[in-house]
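Notes to accompany the following structure.
The figures here come from the full heavy-atom set of this structure, side chains too, leaving out hydrogens, waters and symmetry mates.
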2 protein chains.
Amino acid sequence: MLSERQRMILNAIVDDYIRSAEPVGSRSISKRGDVTFSPATIRNEMADLEELGLLEQPHTSAGRIPSIKGYRYYVDHLVTLDGLGDQDVRKLRTFFAEKMNHWEGVIGHAATLLSQLTNYTSIVLGPEMFSTTLKHFQLIPINDVSAVAIIVANTGHVEHRTITIPDGISMDDMAKIVNLLNDKLTGIPFHRVKSVLHSEIAKELTRYIDHCEEILSLLEQTITEEQEPKVFLSGASNMLTQPEFKDIDKAKSILEMLEETQLLMQLFQSNPSGIQVRIGTENAMEAINQCSLITATYSYEGQSLGTIGILGPTRMEYGKVISLLDYLSKDIALLMSRWHK
Amino acid sequence: MLSERQRMILNAIVDDYIRSAEPVGSRSISKRGDVTFSPATIRNEMADLEELGLLEQPHTSAGRIPSIKGYRYYVDHLVTLDGLGDQDVRKLRTFFAEKMNHWEGVIGHAATLLSQLTNYTSIVLGPEMFSTTLKHFQLIPINDVSAVAIIVANTGHVEHRTITIPDGISMDDMAKIVNLLNDKLTGIPFHRVKSVLHSEIAKELTRYIDHCEEILSLLEQTITEEQEPKVFLSGASNMLTQPEFKDIDKAKSILEMLEETQLLMQLFQSNPSGIQVRIGTENAMEAINQCSLITATYSYEGQSLGTIGILGPTRMEYGKVISLLDYLSKDIALLMSRWHK
DNA sequence: CGTTAGCACTCCTTTTAAGCGAGTGCTAAT
DNA sequence: ATTAGCACTCGCTTAAAAGGAGTGCTAACG
């Protein structure tokens with residue numbers, strides 16, 4: 001349990017360090033105004049806080065910087081969430097104003113906005129189709145051997161891919177298949193599509209058409225494989241602004257990680273609804289052990305759909321970022337519900 | 001006009017500098033084996049080459065490095081295109097083997113491949129729809145007020161966006177409009193869609209439906225706005241590997257530029273078919289004045305469709321990159337023609 | 001007893017100086 | 001025409017010195 005004074009001092013140190021990126025000394029805290037004790041007193045408290053593991057010293061005779069544990073305490077107990085400035089609010093308001101006609105637009109724009117407002121890197125995961133239902137399925141022939149399969153979800157989400165039509169399947173057959181699929185699958189949640197495809201559709205299909213196994217597995221692939229969400233990244237170069245990454249090698253390993261979509265999705269794996277803060281080594285990923293990741297989920301009809309997140313140095317403006325993510329995730333949810341209500 | 005010996009020396013200097021990134025001295029050239037003259041002789045020639053503007057000296061008593069003009073001469077007259085190693089060829093072969101079912105897959109994969117094989121940054125522009133024709137147009141209602149418009153090109157390219165249905169337009173009306181559009185627009189090249197929409201469609205539409213101006217402009221937007229090609233980027237972090245960008249600020253300004261899709265498209269603006277090399281300040285963009293950009297167009301039925309490119313330091317392995325781009329652009333063209341023949 | 005002034009000490013950072021060495025340009029010899 | 005020899009330049013590395021921010025401890029103060 002920390003005393004009130006210790007908490008004030010810890011708060012002051014974290015705030016100062018977030019601004020300056022340099023170890024904070026007792027003198028500078030004493031001069032801040034909000035902590036009215038002398039440097040000597042503050043030094044004593046700082047020694048205690050260091051013993052508790054909340055602060056560390058880069059070397060003897062340097063100021064203190066917050067440890068991971070220190071940031072954690074700050075985030076859990078001290079941070080103030082007033083962080084949205086006038087400009088920020090104005091930009092966020094215009095977020096609604098811009099006409100967006102597909103979700104990629106919304107999500108991509110949100111990513112850009114986040115990185116611009118924070119000067120950190122933003123990572124945004126597009127909506128998962130898990131809880132959405134199939135609205136429409138269609139095959140459009142391109143030529144004799146290939147067709148475009150188009151899948152529309154009830155959220156307006158569209159996926160498509162080109163498939164090769166197996167030999168021995170006529171145009172008529174295709175039309176029948178499409179009708180059958182629309183009959184049976186419309187309104188079915190995507191995560192159940194696969195089983196319905198196997199149980200009901202397979203039987204019907206064998207009646208009409210030969211070679212049905214082939215086309216069935218093709219459709220299965222087409223419909224089920226595309227469920228992985230898309231990742232949007234913005235402001236990766238902002239990482240280079242941070243003094244902690246002036247070392248090219250550190251910067252490089254982070255940027256390399258950011259380029260691997262797979263890894264980013266791993267990073268977002270366990271996202272409980274609401275806002276989550278992962279500080280430094282609390283992140284599983286080696287490359288971002290000196291970073292903090294703050295994520296917020298956006299949801300539609302109570303179901304959490306996707307995630308927006310900010311990656312920055314552990315020395316991050318937690319207050320500002322948290323309130324921004326909170327605000328924007330609700331905005332996105334609202335925007336999506338307006339579309340599809 | 002350069003003498004044979006001068007060309008050998010220039011070639012040796014460029015080759016050496018590309019490998020080492022350090023100013024090349026007369027002594028080290030003399031020891032290479034392929035230029036059998038003494039350092040003193042080589043020094044004389046180097047002084048001449050500097051006077052011609054092909055070499056420069058970072059400071060007195062340093063070795064020489066190629067100037068922009070020097071690289072230009074190297075690329076135009078000296079470079080050897082044998083650059084594809086065994087591994088490279090093997091990886092390129094597997095490019096065809098992977099199953100790709102939409103063009104984004106091909107293009108994205110090509111970008112990854114290029115950056116991995118070269119350790120530079122690759123930029124790839126997806127196919128322009130300019131010369132392609134409309135294959136199918138469809139509106140799929142999502143709910144009472146919105147629908148998804150889907151546009152399929154004869155190349156299998158699919159675009160979609162959500163539109164809001166204006167008041168006073170019924171489902172029947174929509175169906176009529178879709179039929180009309182498919183009748184009139186199928187087979188029409190995209191660049192002519194707009195005018196056809198205004199001339200023929202507008203007349204017909206006024207007969208059936210009120211409020212037609214509104215929906216017409218909506219459709220026009222939908223169909224014409226989506227023609228801008230998509231940009232794929234890979235290996236941006238490779239820039240940080242190059243010693244010339246160990247300076248964080250230089251690296252940052254380049255990475256920032258790479259994040260702006262608009263700028264990248266500008267960069268590719270004038271792309272005559274075939275391979276183009278732009279060295280250093282030959283690039284219009286300030287941020288990449290210390291970079292070289294090599295681009296190759298890939299085409300389909302004689303019409304150049306899109307561009308693949310490599311961005312690296314001026315000290316780039318021109319031979320290897322040029323042959324690689326040449327090879328891959330033809331591969332992509334072949335792959336696309338196989339789909340749609 | 002909590003708080004604060006004073007002071008010696010630590011250690012990082014910046015500055016200055018010296019020496020090294022790769023490379024050049026010129027001259028004279030081959 | 002080519003090459004060996006040599007004095008000279010200048011960036012880079014290493015070493016030493018100066019500077020300074022900040023601490024921990026002790027003793028004095030209210």
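Nearest nucleotide to the A:T41 side chain, out of D:dG11, D:dT2, C:dT3: C:dT3.
Residue B:S38 places none of its side-chain N or O atoms closer than 4.0 Å to OP1 or OP2 of D:dT2.
In this structure, A:E45 atom CD and C:dG2 atom P are separated by 11 Å, rounded to whole Å. One interatomic measurement links the two molecules: CD of A:Q6 to C1' of C:dG2, which rounds to 14 Å at whole-angstrom precision. In this structure, A:I42 atom CD1 and D:dG22 atom C1' are separated by 13 Å, rounded to whole Å. D:dT23 atom P lies 15 Å from atom CD of A:E56, rounded to whole Å. When rounded to the nearest whole Å, the span between CZ of B:F37 and C1' of D:dT3 equals 12 Å.
Between the CG atom in A:L328 and the CD1 atom in A:I308 there is a gap of 4.5 Å [rounded to 0.5 Å].
Across all their heavy atoms, A:P58 and A:P23 have their closest contact at CG-CG, 3.9 Å. Among all heavy-atom pairs drawn from A:I254 and A:F245, the shortest one is CD1-CE2, 3.5 Å. Nearest heavy-atom pair, B:F268 versus B:L293, reported as atom, atom and distance to 0.1 Å: CE1-CD2, 4.1 Å.
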Contacts under 3.5 Å, N or O only, protein and nucleotides 15-21 of chain C:
none

Output a table of nitrogen or oxygen pairs between the protein and nucleotides 25-29 of chain C separated by less than 3.5 Å.
from	atom 1	to	atom 2	distance (Å)
C:dG25	OP1	B:R64	NH2	3.2
C:dG25	N7	B:R43	NE	3.1
C:dG25	O6	B:R43	NH2	3.2

Before you tell me yes or no, could you show the steps for A:R64 and A:E56 under salt bridge (charged side-chain N to carboxylate O under 4.0 Å, His left out), namely the whole-Å CA-CA distance, both residues' side-chain angles and the distance that decides it to 0.1 Å?
CA-CA 6 Å; A:R64 302 302 206 294; A:E56 12 185 86; over 6 Å; no

Go through it in stages, so that I can follow the logic: the residues are B:E259 and A:S237, the test is side-chain hydrogen bond (donor to acceptor under 3.5 Å, both in side chains), and I'd like the CA-CA distance, side-chain angles, deciding distance and then a yes or no.
CA-CA 8 Å; B:E259 281 185 345; A:S237 63; 3.3 Å; yes

Just do the side-chain hydrogen bond (donor to acceptor under 3.5 Å, both in side chains) check on B:Y318 and B:S292 with the steps written out, would you?
CA-CA 9 Å; B:Y318 292 95; B:S292 282; 2.7 Å; yes

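Contact of the B:L49 side chain with the B:I9 side chain is registered, since non-hydrogen atoms from C-beta on lie closer than 4.5 Å.
In terms of position along DNA chain D, the nucleotide closest to B:R5 lies nearer the 5' end than the nucleotide closest to the other residue of the pair A:A62 and B:R5.
More than 12 heavy atoms of other residues, nucleotides or ligands sit less than 6.0 Å from atom CZ of A:R5.
The stretch residues 8-28 of chain A does not touch DNA chain C, since none of its heavy atoms comes less than 4.0 Å from the strand.
With respect to B:D15 and B:R19, no salt bridge is recorded, no charged nitrogen being found less than 4.0 Å from a carboxylate O. In this structure, B:D76 pairs ionically with B:R72, as a charged nitrogen and a carboxylate oxygen lie closer than 4.0 Å.
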